[in-house]
Enquirer: 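The structure follows.
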Amino acid sequence: MAVAVHEGEKWFRTCDVTGFKVDIRAEKIAKVNAVMAVVSFLIAVVAALLLVLTRWQLFHLLPVDWYYRVLTLHGLDALVFWIIFFELAALVFGSTAFLNTRMSSPFAGWLGTGLAILGWLLVNYTILTGNADVLMTSYAPLKAHPLFYLGMILFAVGALVIVTVFFANLMIWRRENPGQSLPLFVYGLMAAAIIAVITIVSGAIIYIPTFLWSLGIISDIDPAVYKLIWWGLGHPSQQINVAAHVSVWYLLAFLTVGGTSINEKVSRFAFVLYIIAINVASAHHLLVDPAVSPVWKVWNTSYVMYLAVFASMIHAFAVPSAIEVAQRRRGFTKGLFEWLKAAPWGNPAFSGLMLSMIIFGFIGGITGVVNGMEQTNIIVHNTISVPGHFKGAVVGGTALAFMSVTYYLIPLLFRKKIAFYGVSKFVPWLFGIGVAILAVSMYILGAFGVPRRHWDITFSGGPFTFTFNPVTDFFWALFGIGGILAVVGALIWILQVVVSVFFGKPFNGPQDLQIPIAEPPPPPKKGEHEGFAAPGTFVLVLLFMVAFIIFVALNYGWLSAMWEVK
Amino acid sequence: MSEERKTPFLQLVFDDFILLLFIGVAVYAVSYLIWGLMELAWIPPIPDEIKQSLLGR
Amino acid sequence: MAILPPGENWFHQKVAKDEKIWMGLAFVMSLFLFFWMIIWHVYAKQNPSFVTYKTTPEEFYQLTQAFIEKYKIGEENGIPVVKPPPGSDVFLLGRQFRWEPVLVLKKGEEYRFHISSLDVLHGFSIQPVNMNFMVFPKYDYVLTFRPTSAGEYAIVCNEFCGIGHHMMIGKIIVEE
């Protein structure tokens, strides 16, 4: 293993665009994880198309067994593998290149990557061979093949190894730079890594006994204990995404317009609130379960008095205000919104960033809070509103942010020119608008009571039947259209990435840069800090607050018209 | 307050990722996991009156 | 700059006025949401129950059969129809892939539902009122319902329970 590091050691290259020192050994590991992410995304997207065309009763494409099989595949590849592999790549690359530091242990990096890939193979294999038709949550006593659980365990352990390497890299950096604070992007990744530790350890706590149970060594798994601990994996894994994509937002604000958080302390404070409070929201999934008490439910489901929601609302101001202030310094000061109009909308990373923030906030965020409130959960739980919510949060928010930043990773990490760059500027719109339509129509369908994870809502073969409000036909059509748009957008993006990375022209330096990196804006003029720094952003977040309050009020008003229950 | 080079306490906390890791894990483990598992363990069986009224025993 | 360490004095930088106001608003909203849940829990009429008993599939099956025998008024599509008196304990059993029994209730009266499963997890979803709860094996979830509207209602299973999940539909009839 490497000991002392000197300038110009053989494992470093200097990036000719950013001037960063890049550890080539870390870069390779990051590349492999990023490729795994895209492969998982491809599987997830193809599965998504099949699922959309099955649930849209007009086509009802897949037979019943394959519907649940593909749904399991989609859930795990989309919600776990695609984003976690991407985050592992970000952790490895972020903790080395962005800190100008070296990889603490390339061996551990490869070990983690190898274990994760092996786990990924086992899980995908058992699902596709029909040995794990248990859906993503795999609630015991539904039982899958032991190799499925083993795959999940190996993936978790692999991820944990890389998270450990990340922290080791930070320690090296701290030793080399005593007294310094991390760059905000890496700080956000650090928050994500802490949340990842909680996620992965919970996963191990529950999957190891479940694995033994599937082998017949343990006779029984308590269903309530399983569900409680499983959501310690299932929910925080999505909170890793929140922390990671918010970090990516800050990064993109910088790369696309040169925006910097107007107050680093505030932004960091918000990340600290995530670390403290966001994980207990696993309770969202247990609100209408037997077993736990209302005190436990209210305390945990509210992220300890909504500290994490508070943190997200801080970021909701901090990121756009970074953009606004940078744009205003460039002279776009007319009125409230000239800065926004004059923004580089032709840059796919910028339009992707804006769409990601809007969809995450207005669709994913607001619905998430209502879903996670103790009482309104009664009218949402296990309806198709739930996946509607996380289409907004994870697909519109996280996936779109990751897709956008990839337009920078292709030249800077993979050192390739972006293939078909001309179409890039349409991709975020196609994907974002598709996902928004999909998410909203699913949320509305859920309000009509349509269940999630259901092959046939005409209940063919059942002793009774039930017909949902005919208005749902319209929203099913909308659901189909939104889904297809999003799938097309995603496939174009995947095609661009694959062609660029494997068959693309090499990137030979700044002259080959297709996607612009913004110059930092001129320094602040005198008097800028008096009064409002970002009035346009302020108006936008007020708008958000109004939408938020209306949505909460509507849901409680509706709930009050239901049967009484206690 | 003297304008010394002394780093504020809260900044030290913000910068100490190992401490934050510990706090994050601890809050989750106590508030969600341990408390939740304890509540699961405390659930009583179905009361006898209810059983007797149906089974007549 | 998101990619470089912050300036030396980042911790002492003053928070801009608009950011400060926004943080205040956001914090008030957060506290409001928290206390709203508590207020609703105490004063309003729709809250998830917290009464739960431990049971076993055998015990719960036995209780449900005894309940059905006691109040049975007929049968529909092979599933017993039961009309328990208002205010009584009602037993509802979920299993792959049916709900037992069919319940006949009276509008405006209270019933203590005991819901459990014989095998895996199920979802208890009353349609079209759209109220949703979870059903576990080995746990008896006690939900006290007061139906406030009459008519025929479906119980849809909305937690995946196996290949016949989509056939799992039950019925509640609420009489005036």
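Chain A is the first sequence line, chain B the second, and so forth, proteins listed ahead of strands; every chain is numbered from 1.
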Enquirer: Taking the inter-plane angle between the rings of A:His454 and C:His166 on a 0 to 90° scale, is it parallel (under 30°), tilted (30 to 60°) or perpendicular (over 60°)?
Expert: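 Ring orientation, 0 to 90° scale: perpendicular.
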
Enquirer: Side chain, backbone, both or neither: which part of C:Trp99 has a heavy atom under 4.5 Å from chain A?
Expert: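 Neither part.
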
Enquirer: Is C:Lys20 close to chain A through its backbone or its side chain, or both, or neither, when contacts mean heavy atoms under 4.5 Å?
Expert: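 Looking at C:Lys20, nothing touches chain A.
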
Enquirer: Under a 4.5 Å heavy-atom cut-off, does chain C meet the side chain of A:Phe98, its backbone, both or neither?
Expert: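 Interface part for A:Phe98: both.
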
Enquirer: Using a cut-off of under 4.5 Å on heavy-atom pairs, state which of A:Ser312, A:Gly462, A:Gly449 scores highest against chain C.
Expert: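 Highest number of heavy-atom pairs under 4.5 Å: A:Gly449.
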
Enquirer: Taking A:Arg453 first and then C:Glu159, would you say they form a salt bridge - that is, a charged N and a carboxylate O separated by under 4.0 Å?
Expert: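 Judged by the 4.0 Å cut-off on N to carboxylate O distance, A:Arg453 and C:Glu159 do form a salt bridge.
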
Enquirer: Do you know which of C:Leu31, C:Asp119, C:Thr148, C:Leu25 has the most heavy-atom pairs with chain A at a distance under 4.5 angstrom?
Expert: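 The answer is C:Thr148.
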
Enquirer: Would you say A:Lys566 and C:Arg146 make side-chain contact, with heavy atoms under 4.5 Å?
Expert: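 Counting from C-beta outward, A:Lys566 and C:Arg146 never come under 4.5 Å.
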
Enquirer: Among the options C:Met37, C:Glu76, C:Lys171, pick out the one with the most heavy-atom pairs lying under 4.5 Å from chain A.
Expert: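 Winner by heavy-atom pair count: C:Met37.
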
Enquirer: Please classify the contact of A:Thr465 with chain C as side chain, backbone, both or neither, using a heavy-atom distance under 4.5 Å.
Expert: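 Contact with chain C: backbone only.
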
Enquirer: Please classify the contact between C:Tyr153 and chain A as side chain, backbone, both or neither, with a heavy-atom cut-off of under 4.5 Å.
Expert: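 Contact with chain A is through the side chain of C:Tyr153 alone.
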
Enquirer: What part of A:Val552 gets within 4.5 angstrom of chain C, counting heavy atoms only: side chain, backbone, both, or neither?
Expert: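 For A:Val552, side-chain heavy atoms alone lie under 4.5 Å from chain C.
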
Enquirer: What part of C:Tyr139 is in contact with chain A, defined as an atom under 4.5 angstrom from a non-hydrogen atom: side chain, backbone, both or neither?
Expert: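 Contact with chain A: side chain only.
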
Enquirer: Is there a side-chain contact between A:Phe317 and A:Leu540 (heavy atoms, below 4.5 Å)?
Expert: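 When only atoms from C-beta onward are counted, A:Leu540 and A:Phe317 do not touch, as no gap falls below 4.5 Å.
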
Enquirer: Just say parallel, tilted or perpendicular for the rings of C:Phe124 and C:Phe133, cut-offs at 30° and 60°.
Expert: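 Tilted: the ring planes of C:Phe124 and C:Phe133 meet at 30° to 60°.
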
Enquirer: Tell me, for A:Ala316 versus chain C, whether the close heavy atoms (under 4.5 Å) come from the side chain, the backbone, both or neither.
Expert: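 No part of it gets close to chain C.
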
Enquirer: Side chain, backbone, both or neither: which part of C:Val135 has a heavy atom under 4.5 Å from chain A?
Expert: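 Neither part, no heavy atoms under 4.5 Å.
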
Enquirer: Select, from C:Ile21, C:Val102, C:Asn47, C:Val15, the one with the greatest count of heavy-atom pairs under 4.5 Å involving chain A.
Expert: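 Most pairs with chain A among the choices: C:Asn47.
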
Enquirer: Where does A:Phe20 contact chain C at under 4.5 Å (heavy atoms): side chain, backbone, both or neither?
Expert: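 Only the side chain of A:Phe20 comes within 4.5 Å of chain C.
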
Enquirer: Can you check whether A:Tyr303 and A:Phe310 have ring centres sitting under 6.0 Å from each other?
Expert: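 So the answer is no for these two rings.
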
Enquirer: Would you please indicate if the ring centroids of C:His122 and C:Phe136 are separated by under 6.0 Å?
Expert: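 Centroid distance C:His122-C:Phe136: not below 6.0 Å, so no.
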
Enquirer: With chain C, which of A:Trp455, A:Trp299, A:Tyr67 has the greatest number of heavy-atom pairs at distances under 4.5 Å?
Expert: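 Most pairs with chain C among the choices: A:Trp455.
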
Enquirer: Among A:Val309, A:Leu307, A:Ile549, A:Val298, who wins on heavy-atom pairs under 4.5 Å with chain C?
Expert: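 Among the listed options, the one with the most contacts to chain C is A:Val298.
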
Enquirer: Flag the one option from A:Ser302, A:Ala447, A:Pro141 with the top tally of heavy-atom pairs under 4.5 Å to chain C.
Expert: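 Of A:Ser302, A:Ala447, A:Pro141, A:Pro141 has the most heavy-atom pairs under 4.5 Å with chain C.
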
Enquirer: Can you check whether C:Phe113 reaches C:Thr144 side chain to side chain, under 4.5 Å on heavy atoms?
Expert: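 SC-SC contact between C:Phe113 and C:Thr144 ruled out.
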
Enquirer: Is it the case that the ring center of C:Trp40 lies less than 6.0 angstrom away from the ring center of A:Tyr556?
Expert: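 They qualify: ring centres under 6.0 Å apart.
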
Enquirer: Using non-hydrogen atoms and a 4.5 Å limit, figure out which bit of A:Leu251 sits close to chain C: side chain, backbone, both or neither.
Expert: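 For A:Leu251, backbone and side chain are both near chain C.
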
Enquirer: So do the side chains of C:Val129 and C:Ile126 get within less than 4.5 Å of each other, counting heavy atoms only?
Expert: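 They are in side-chain contact.
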
Enquirer: Is it the side chain or the backbone of A:Val304 that comes within 4.5 Å of chain C heavy atoms, both, or neither?
Expert: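 For A:Val304, no heavy atom lies under 4.5 Å from chain C.
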
Enquirer: What part of A:Phe466 gets within 4.5 angstrom of chain C, counting heavy atoms only: side chain, backbone, both, or neither?
Expert: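 Both parts, backbone and side chain.
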
Enquirer: Checking heavy atoms, do the side chain of C:Asp140, its backbone, both or neither come under 4.5 Å from chain A?
Expert: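 It is neither, since no heavy atom gets under 4.5 Å.
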
Enquirer: Flag the pair C:Phe67 / C:Tyr71 as yes when their ring centroid distance falls below 6.0 Å, and as no otherwise.
Expert: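 Yes; C:Tyr71 has its ring centre under 6.0 Å from that of C:Phe67.
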
Enquirer: At a 4.5 Å cut-off on heavy atoms, which part of A:Tyr68 comes close to chain C: side chain, backbone, both, or neither?
Expert: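 Only the side chain of A:Tyr68 comes within 4.5 Å of chain C.
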
Enquirer: Under a 4.5 Å heavy-atom cut-off, does chain C meet the side chain of A:Leu287, its backbone, both or neither?
Expert: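 Answer is backbone: N, CA, C or O of A:Leu287 sit under 4.5 Å from chain C.
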
Enquirer: Are C:Pro137 and C:Leu121 side-chain neighbours, meaning at least one heavy-atom pair lies under 4.5 Å?
Expert: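 A side-chain contact under 4.5 Å exists here.
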
Enquirer: Check each atom of C:Glu152 against the heavy atoms of chain A and say whether the ones under 4.5 Å are side chain, backbone, both or neither.
Expert: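 C:Glu152 has no heavy atom closer than 4.5 Å to chain A.
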
Enquirer: Can you say whether C:Ile115 sits under 4.5 Å from chain A via the side chain, the backbone, both, or neither, judging by heavy atoms?
Expert: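 Looking at C:Ile115, nothing touches chain A.
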
Enquirer: Looking at chain C, which one of A:Lys297, A:Arg452, A:Met313, A:Met545 has the largest number of heavy-atom pairs inside 4.5 Å, strictly under?
Expert: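 Option with the top pair count is A:Met313.
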
Enquirer: Look at C:Ser116, C:Gly78, C:Gly162, C:Ser149 and state which one has the largest set of heavy-atom pairs under 4.5 Å with chain A.
Expert: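 Heavy-atom pair counts peak at C:Ser149.
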
Enquirer: Using a strict threshold of under 4.0 Å (side-chain N to carboxylate O), is an ion pair present between A:Asp220 and C:Lys138?
Expert: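 Salt bridge between C:Lys138 and A:Asp220, a charged N being under 4.0 Å from a carboxylate O: yes.
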
Enquirer: Relative to chain C, which segment of A:Gln180 carries a heavy atom at a distance below 4.5 Å: side chain, backbone, both, or neither?
Expert: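 For A:Gln180, the contact with chain C is made by the side chain alone.
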
Enquirer: Which answer fits C:Val174, side chain, backbone, both or neither, if we ask what part of it has an atom under 4.5 Å from a heavy atom of chain A?
Expert: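 Side chain only.
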
Enquirer: Can C:Gln62 and C:Thr64 be said to form a side-chain hydrogen bond (donor to acceptor under 3.5 Å, both in side chains), step by step?
Expert: CA-CA 5 Å; C:Gln62 215 184 359; C:Thr64 311; over 6 Å; no

Enquirer: With a cut-off of under 6.0 Å to the ring centre and 45° to the axis, is C:Lys17 in cation-pi contact with A:Phe532?
Expert: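 Checked: cation-pi criterion not met.
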
Enquirer: Decide whether a cation-pi geometry holds between A:Arg268 and C:Trp10; the criteria are a distance under 6.0 Å from NZ or CZ to the six-membered ring centre and an angle within 45° of the ring axis.
Expert: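 Cation-pi check for A:Arg268 and C:Trp10: passes.
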
Enquirer: By a 4.5 Å heavy-atom criterion (distance strictly below it), what part of A:Asp65 contacts chain C: side chain, backbone, both, or neither?
Expert: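 The answer is both parts of A:Asp65.
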
Enquirer: Can you name the nearest heavy-atom pair linking C:Ala2 to A:Pro183, along with the distance?
Expert: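 It is O-CB, 3.5 Å.
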
Enquirer: Where on C:Leu33 is there a heavy atom nearer than 4.5 Å to chain A: the side chain, the backbone, both, or neither?
Expert: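 Both parts, backbone and side chain.
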
Enquirer: Report which part of C:Met131 has an atom under 4.5 Å of a heavy atom belonging to chain A: side chain, backbone, both, or neither.
Expert: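 C:Met131 touches chain A through backbone and side-chain heavy atoms alike.
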
Enquirer: Given 3.5 Å as the limit, does a donor-acceptor pair link the side chain of C:Tyr141 with the main chain of C:Ser49, or not?
Expert: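 Yes, the answer is positive, given that a donor and an acceptor are paired below the 3.5 Å cut-off.
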
Enquirer: Heavy-atom pairs under 4.5 Å with chain C - which of A:Pro451, A:Gly94, A:Pro223 has more of them than the others?
Expert: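 The answer is A:Pro223.
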
